[in-house]
Amino acid sequence: MTTPALVPGLAGIPAAESAISYIDGKKGLLSYRGFPIELLAEQSSFEEVAWLLLYGELPTRDELESFQNALVEARTLSARMLDVLRSLPGKGHPMNALQASMAALGMFSRSREYRDPKQQDEAIVRILGATPVLIAAFERFRSGEDLCEPKPELSTAANFLWMLTGSEPDALSARVLDAALILHADHTMNASTFTARVVGSTEADPFTVTASAIGSLTGPLHGGANERVLTMLEEIQGDEDVGEWIEARLAAKRKIMGFGHRVYSVKDPRAVILQGLCAQLFEEQGRTPLYDLAVQLEEVMVKRLGDKGIYPNVDFYSGIVYSKLGIPTDTFTPIFAIARVAGWLAHWREQMADNKIFRPTQIYVGKHDQSYVPIAKR
Ligand code: SDX
């Protein structure tokens, strides 16, 4: 069999069959299990969407209630787990803290047989429920604060804001974060989901799968972009001319964070909805000057690179929403992880249901038949 030609980044190459989410990159469409993202962001909740991604259908009232109760229970971390979080270096990045603590969390799990659906479900709930708590606890400890005990009556989004900031969010802030989590929950075969599927295909445990995917999401070309968009906007704020700033950046062959996408050749539908969420927040809590700059940057970028199919992606406006919610900039990508854990675990379940270990090939371009030269003669 002849080896096919290399496709850099496996662009356009299917790695699996999946029924979880669907993108039309030309029309700017995204749906989860057949439900358009606009409908879900407007009418659903993160917990309901997590169930939909994992199990394929919207939950009944009873299913949702028991799922929510299980997620609330999973928010509790043992004293030893909290010690792990306290021992992590506060100067480290929260994504590295999340990856380390996720792997540690798995060490406390008694399960080992993850081909058993019951143990899969238990691990899924534990990971989904604990992820926001790991992030909030690390933030509190590195700021010299005590842990805010989780509040069972609050949603995942509201409880995260409570545990992160020490004050209960108003209804709008909780709703906006809940919608942002829905928007970030899944996105077909992106790099971190592909990572989850590759690691899952070796039958590694779901905590290890999730810790691996967290590592992949950390990169600035992937989930790490949202944090860099805000620092980029703050950098531009000092400059007079946005166009000149862009030209200088492009001339230096540096990417403009928050723009471009492997699949979308139009504006990311999630960016459109996130802009709407900005408007809702600004109405009640006042505008962010960075937002106007972001809109101006988008206008100039679209004129400059729109014909190359380079438009804002999900990371361009999300940081403005999160900073308005009082979230520290380096905690933006961990929020992406809170949501995407649902998608990673849905893909893990799907992979385990019909698994074959990933082992692609390569095109060897190295040397052959080398003879060994002793070091004395090198
Ligand atoms: C996410 O895959 C997913 O679904 C990811 C994600 C998800 O939900 O999981 O949507 C989340 O990761 C969003 C992307 C966040 N990253 C960024 O905002 C970083 C900036 N964007 C780029 O790095 C880039 O657009 C990527 C990584 C998003 C896509 O990279 P590709 O598909 O490999 O495209 P490329 O880098 O080969 O670029 C193609 C051309 C190049 O120009 P030429 O060399 O052909 O002349 O477009 C240019 C690039 O220079 N280009 C950009 C650009 N993005 C692409 N030029 C300037 N700024 C940019 N942002």
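Remember, it's 1-based here, ligands and their atoms both numbered in the order they're listed.
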Using heavy atoms and a cut-off under 4.0 Å, could you grab the residues that are in contact with ligand 1, chain by chain, numbers ascending? His187, Asn190, Pro220, Leu221, His222, Ala225, Leu250, Lys255, Ile256, Met257, Gly258, Phe259, Gly260, His261, Arg262, Arg270, Lys308, Ile310, Asn313, Asp315, Phe336, Arg340
Using the salt bridge (Lys or Arg N to Asp or Glu O under 4.0 Å) rule, take Lys118 and Asp121 through it: C-alpha gap first, then chi angles, then the decisive distance, then the call. CA-CA 5 Å; Lys118 189 171 172 308; Asp121 292 345; over 6 Å; no
Can you name the side chain to side chain donor-acceptor pair (under 3.5 Å) partners of Glu350, sequence neighbours left out?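 Glu350: side chain to side chain donor-acceptor pair (under 3.5 Å) contacts with Ser18, Arg197.
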Partners meeting side chain to side chain donor-acceptor pair (under 3.5 Å) with Thr60 (sequence neighbours left out): Glu63
Between Arg270 and His187, a side-chain donor and acceptor under 3.5 Å: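 Yes.
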Scan for ring-ring contact (aromatic ring centres under 6.0 Å, His included) pairs involving residues 99-128, sequence neighbours excluded, and state none if there are none.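 Sorted pair list comes back empty.
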Does Asn313 use its side chain to pair, donor to acceptor, with the backbone of His261 at less than 3.5 Å? no
